[in-house]
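The sequence lines fix the lettering, A, B, ..., with proteins before strands; numbering per chain opens at 1. This structure is a prediction, so every number in the text was calculated from the model and none was measured.
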There are 2 protein chains.
Amino acid sequence: MKLTTKGRYAVMAMADLASYSKNKPVSLSEISTRQNISLAYLEQLFIHLKDNKLVKSVRGVKGGYALDRPASEIKLSNIFHAVNEEVKTLNCKKESKKGCNHKSIKCITHNLWDKLDNHINGFFENVKLDELVKR
Amino acid sequence: MKLTTKGRYAVMAMADLASYSKNKPVSLSEISTRQNISLAYLEQLFIHLKDNKLVKSVRGVKGGYALDRPASEIKLSNIFHAVNEEVKTLNCKKESKKGCNHKSIKCITHNLWDKLDNHINGFFENVKLDELVKR
DNA sequence: TTAAATCTTAGTAAAACAGTAGGATTTATT
DNA sequence: AATAAATCCTACTGTTTTACTAAGATTTAA
């Protein structure tokens, strides 16, 4: 059960944006050096962040990225969702698969994994970007 | 962020034991068919569960496994720990590594991952095996 | 015109995962 | 004594995912 770098880096980069982008956009190379994340990798992440309207971009020289809405209105769940960092404790959602076959007795733990999903997603849902940055 | 089958299967198998092993031991082949998990894979998991004194074994014909203590005294965290299902949100514990270098500003999110770890581990710590089985 | 930036698509080495395979050992039953 | 059912043990392996890298196209301020 581990967080992928995609999810971690996306949050780090967004937190960086939240603290350094006042008015003007911040370039990915800045974030790259500050957070020690490869530029090319950041580029990939930001395409998704942009698609999900979490950031807006300015192209060309002096360009970069800025938050598309206040940090107080961006939840961690928004960020994770944007880069496809999903919580998957089951691999059995719809059809019955190996290790879980929806018969009440056989998959005793089915309900447990649902609760775990909710527990973790609840955390992501309740933390907002501004809370990471203040202080 | 996903649970490995090791963790899931171990909990499923332990829940199976808790419901089917009254007095006599339960063989892994029974669990294998009931839970639809490969026998050879179960064997590997149970070595670890045994090492961690969560189950006890009876060898030979009519042998099998049984819980080593009441289901009410076995936490999910015990099971996950036994099979090395760990929560790892950071990959930077001691030394500074890529993507996190302990300088206060650079790794703004360090504290966040700690909280996430605690949040998830708290769930595992607070659910006991008997709760899965009762009704 | 240049250079700094975003945008886009492919590819890829390494690690982790999810098992298999093949036996050795123990022991109740026949 | 033989058999078969079970645990025990170690090694191997195909597949998938991860975590990038590479290479270029496009945009735009200076």
Side-chain angles (χ1 to χ4, degrees), chain A residues 1-10 12-13 17 21 24-33 35-52 54-66 68 83-86 88-92 97-100, chain B residues 1-10 12-13 17 21 24-33 35-52 54-66 68 80 83-92 97-100:
Chain A
M1 165 131 278
K2 69 167 197 274
L3 211 59
T4 64
T5 56
K6 242 160 54 176
R8 288 200 303 114
Y9 288 177
M12 290 169 72
L17 261 196
S21 156
K24 62 178 179 193
V26 169
S27 74
L28 293 188
S29 50
E30 282 182 65
I31 298 178
S32 170
T33 54
Q35 303 298 335
N36 195 26
I37 302 170
S38 125
L39 173 61
Y41 202 34
L42 278 175
E43 287 173 342
Q44 290 181 34
L45 296 180
F46 271 77
I47 288 173
H48 294 118
L49 294 172
K50 192 190 171 192
D51 287 347
N52 282 264
L54 298 177
V55 299
K56 58 193 168 196
S57 70
V58 179
R59 302 191 67 172
V61 178
K62 293 257 183 185
Y65 290 92
D68 201 17
V83 296
N84 297 316
E85 175 79 59
E86 291 173 274
K88 302 186 271 189
T89 53
L90 297 167
N91 51 4
C92 47
K97 281 186 189 159
K98 250 193 174 176
C100 170
Chain B
M1 165 134 277
K2 69 166 195 274
L3 210 60
T4 64
T5 56
K6 241 160 56 175
R8 288 198 305 113
Y9 288 177
M12 290 169 72
L17 261 197
S21 153
K24 63 179 178 194
V26 169
S27 74
L28 293 187
S29 51
E30 280 183 67
I31 299 178
S32 171
T33 55
Q35 304 297 336
N36 196 24
I37 303 170
S38 121
L39 173 60
Y41 203 34
L42 278 175
E43 287 174 343
Q44 289 180 38
L45 296 180
F46 272 77
I47 287 172
H48 293 118
L49 294 172
K50 192 189 171 194
D51 287 347
N52 282 263
L54 297 177
V55 298
K56 60 193 165 191
S57 71
V58 178
R59 303 191 67 173
V61 178
K62 293 261 183 182
Y65 290 92
D68 202 16
F80 282 123
V83 296
N84 297 317
E85 175 79 58
E86 290 174 274
V87 177
K88 302 187 272 191
T89 53
L90 298 167
N91 51 6
C92 47
K97 282 187 190 158
K98 251 194 172 173
C100 170

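- Phosphate proximity of D/dT7 to B/S57: absent, as no side-chain N or O sits under 4.0 Å from OP1 or OP2.
- Qualifying salt bridge (Lys or Arg N to Asp or Glu O under 4.0 Å) partners for B/E85, counting only residues two or more places apart in sequence or in other chains: none.
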Restricting to nitrogen or oxygen on both sides, can you table the protein-nucleotides 27-30 of chain D pairs closer than 3.5 Å?
none

Please enumerate all protein N or O atoms sitting under 3.5 Å from an N or O of nucleotides 9-14 of chain C, with distances to 0.1 Å.
unit_1, atom_1, unit_2, atom_2, d
C/dA10, N6, A/Q44, NE2, 3.4

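- With sequence neighbours left out, the side-chain hydrogen bond (donor to acceptor under 3.5 Å, both in side chains) criterion links A/S27 to A/S29.
- Neither OP1 nor OP2 of C/dT6 sits under 4.0 Å from any side-chain N or O of A/K50.
- Taking atom NZ of residue B/K24 and atom P of nucleotide C/dT27, one finds them 20 Å apart after rounding to whole Å.
- Projected onto DNA chain D by closest heavy-atom contact, A/L3 and A/E43 fall at different nucleotides, the more 5' of which corresponds to A/L3.
- Residues satisfying the side-chain contact (heavy atoms from CB on, under 4.5 Å) test with A/E43, not counting sequence neighbours, are A/L28, A/L39, A/A40.
- Scored by the side-chain contact (heavy atoms from CB on, under 4.5 Å) test, A/K2 finds B/K88 as partners (sequence neighbours excluded).
- Residue B/Y65 is in sugar-phosphate contact alone, with no base atom involved, counting any heavy-atom pair closer than 4.0 Å across all strands shown.
- Checked against D/dC20, C/dA18, D/dA6, the side chain of B/S27 finds its nearest nucleotide in D/dA6.
- At D/dA19, one or more side-chain N or O atoms of A/T5 fall inside 4.0 Å of OP1 or OP2 (strictly under the cut-off).
- For the pair B/S29 and D/dA5, the criterion of a side-chain N or O lying under 4.0 Å from OP1 or OP2 is not met.
- For the side-chain hydrogen bond (donor to acceptor under 3.5 Å, both in side chains) test, no residue two or more places apart in sequence or in another chain qualifies with A/S21.
- Residues meeting the side-chain contact (heavy atoms from CB on, under 4.5 Å) test with B/K24, sequence neighbours left out: none.
- Among residues two or more places apart in sequence or in another chain, the side-chain contact (heavy atoms from CB on, under 4.5 Å) test is passed with B/K62 by none.
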